[in-house]
There are 2 protein chains.
Amino acid sequence: MNKTERQRRLVRFLKSDPFLTDEDLSQILRVSVQTIRLDRFELKIPEFKERVLNVAKNPGLSPRTLTGGELVGKMVDLEVGSSGISILTVTPEMTLSKTRYIRGHHLFAQANSLAVAVIDAEIALTGIARVNFKRPVFCGEKVLAKALIRLNKGNKFMVKVTSHVKDEIVLVGRFLIFAVAEEAIPQ
Amino acid sequence: MNKTERQRRLVRFLKSDPFLTDEDLSQILRVSVQTIRLDRFELKIPEFKERVLNVAKNPGLSPRTLTGGELVGKMVDLEVGSSGISILTVTPEMTLSKTRYIRGHHLFAQANSLAVAVIDAEIALTGIARVNFKRPVFCGEKVLAKALIRLNKGNKFMVKVTSHVKDEIVLVGRFLIFAVAEEAIPQ
DNA sequence: CTGTTTTTTGGTACCTGGTACTAACTTTAT
DNA sequence: ATAAAGTTAGTACCAGGTACCAAAAAACAG
């Protein structure tokens with residue numbers, strides 16, 4: 001039996017029974033456990049615990065997470081050390097079920113990540129945030145956030161962010177941001 | 001909190017979410033892992049692996065979480081109208097590039113969505129948020145957020161959220177939430 | 001047939017989420 | 001005050017892995 005044939009069989013076995021451990025599979029396919037692991041790795045098949053958990057959490061609902069990039073929204077202007085502007089287009093995933101209201105934390109995420117981005121430092125972390133949500137935002141709207149550094153004492157920055165939809169203010173936030181020295185970054 | 005009360009809560013937690021480890025439970029119930037194990041033993045509740053396997057092999061009963069995907073983090077306790085607890089496990093996507101610091105708005109999102117979830121209303125929106133980030137959170141850590149309704153005047157709610165990693169407070173936030181009447185929901 | 005590459009195997013250190021057990025410390029009750 | 005109940009700490013061990021390194025075996029090529 002060659003490698004490809006074995007891997008084909010491995011996939012078949014796991015499809016019919018995801019509760020097989022590498023040990024089980026190594027006995028079925030008459031190869032070492034290590035070989036099974038390599039095969040699984042090549043085929044990007046997760047480990048036993050993962051597979052069981054996947055089956056258990058079956059209905060596969062994906063939590064509505066925030067975007068993965070550094071910035072929430074799209075940067076349209078940035079003067080590091082003083083100001084920045086970003087635009088966020090509201091998609092249906094950001095809204096509450098059955099309504100068209102956007103969840104507040106997406107607006108916060110846009111404002112917060114913009115506030116952090118305008119700081120001239122490798123790493124900046126939010127210390128305190130005070131945010132007023134002025135009116136709800138709906139699916140399809142474009143939110144324009146403007147950030148302005150208001151104060152700078154040492155590694156502390158006060159950033160004011162104002163978010164608009166057209167002419168209406170939807171969010172006003174004040175963020176106290178800390179710049180972190182690179183040496184302080186843990187590994 | 002006495003032993004019987006704790007065990008009653010433990011059963012409730014596991015009924016609503018069987019995917020809680022002893023470690024999770026020890027943090028929720030503020031006792032040592034050993035105590036959780038003793039409780040589980042007395043109550044004849046099987047270990048995590050067993051429970052997951054049971055759920056996986058029993059597609060019949062699925063005690064799905066209350067709010068599903070609306071929440072950032074995993075709801076582990078909810079008394080609508082008074083309090084709630086959620087757990088967020090920090091994944092690499094939530095961190096800043098090259099460091100292990102989590103970006104603040106994820107913590108905010110967990111706290112905010114929990115604050116909204118505890119309100120006994122079809123729709124609730126955040127009006128004002130005041131958040132203090134007490135210390136950075138790193139990849140791999142589990143953040144436990146507790147929300148408590150502090151005040152309720154008409155459709156306004158003051159919710160206090162405190163987030164911990166083990167014994168350390170990482171976030172304290174106060175949210176002014178508005179319940180929205182269903183008739184006011186736009187189409 | 002020999003040399004190179006691919007495939008397979010073995011072994012170690014480490015991880016999570018436990019079991020099983022001992023010992024000690026802290027509360028509570030009598 | 002002292003016993004009993006409850007809680008915590010610590011150790012050794014286990015399954016089912018990950019991650020990595022080295023070596024043996026098989027496949028292929030010139």
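Throughout, a chain's letter reflects where its sequence line sits, starting with A, and its residues are numbered from 1. Heavy atoms only: backbone and side chains are in, while hydrogens, waters and symmetry mates are out. Only a predicted model underlies this, so the values are computations on that prediction, with no experimental measurement involved.
Here C/dT8 is the nucleotide among D/dT8, C/dT8, D/dG6 with the atom lying nearest to any side-chain atom of A/T35. Distances were taken from every side-chain heavy atom of B/T21 (C-beta onward) to each of C/dG17, D/dT8, D/dG16; the shortest belongs to C/dG17. Checking C/dG18, C/dT8, D/dA9 against every side-chain atom of A/K3, the shortest atom distance belongs to C/dT8. Side chain of A/V31, nearest nucleotide from D/dT7, D/dA19, C/dT9: C/dT9. Distance from the side chain of B/R40 is smallest for C/dG18 among the nucleotides D/dT8, D/dT18, C/dG18. Of all nucleotides listed (C/dG10, C/dG17, D/dT18), D/dT18 comes nearest to the side chain of A/E47. The listed nucleotides are D/dT18, C/dT8, D/dT7; the one nearest the side chain of A/R37 is D/dT18. When the nucleotides C/dG11, D/dA19, D/dG16 are ranked by their closest atom to the side chain of A/Q34, C/dG11 comes out on top.
Following rounding to the nearest Å, B/E5 (CD) and D/dT7 (P) show an atom-to-atom distance of 13 Å. If you measure from atom CD1 of A/I45 to atom P of D/dT18, you get 12 Å, rounded to the nearest angstrom. Remark: P of D/dA5 and CZ of B/F41 are 18 Å apart, rounded to the nearest angstrom. Look at CG on B/L20: it is 16 Å from C1' on C/dT16, rounded to the nearest Å. In this structure, A/L29 places its CG atom 11 Å from P of C/dT8, rounding to the nearest Å. Rounded to whole Å, atom C1' of D/dA5 lies 13 Å from atom CG of B/N2. Between the P atom of D/dG16 and the CG atom of A/L25 lies a distance of 12 Å, rounded to the nearest Å. The interatomic distance linking A/Q7 (CD) with C/dT6 (P) rounds to 15 Å, in whole Å.
Side-chain rings of A/F178 and B/F133 stay apart, their centers remaining 6.0 Å or farther from each other.
At a threshold of 4.0 angstrom between heavy atoms, the contacts of A/R51 with the nucleic acid are absent. Nucleic acid contact class of A/K49 (heavy atoms, under 4.0 Å, all strands): base.
Between B/R6 and the phosphate of D/dT7, there is a side-chain N or O to OP1/OP2 separation shorter than 4.0 Å.
The pair B/E47-B/R40 fails the salt-bridge criterion, with no side-chain N (NZ, NE, NH1 or NH2) lying under 4.0 Å from an Asp/Glu carboxylate O. For A/K3 and A/D39, the salt-bridge test fails: no basic side-chain N is under 4.0 Å from an acidic carboxylate O. A/E141 and A/R135 are joined by a salt bridge, as a carboxylate oxygen and a charged side-chain nitrogen come within less than 4.0 angstrom of each other.
Other residues, nucleotides and ligands contribute at most 12 non-hydrogen atoms within 6.0 Å of the CZ atom of B/R130. Annotation for A/R30: atom CZ does not count as buried by contact number, only 12 or fewer foreign heavy atoms lying within 6.0 Å. Annotation for A/N2: atom CG counts as buried by contact number, over 12 foreign heavy atoms lying within 6.0 Å.
Nearest-nucleotide mapping onto DNA chain D: of A/F48 and B/M1, the residue sitting toward the 5' end is B/M1.
In plain terms, the two heavy atoms of A/K156 and A/L176 that are nearest each other are CB-CD1, 4.4 Å.
Secondary structure note: stems in DNA chain D built from 3 or more consecutive Watson-Crick or G-U wobble pairs under 3.5 Å occupy C:1-30 with D:1-30.
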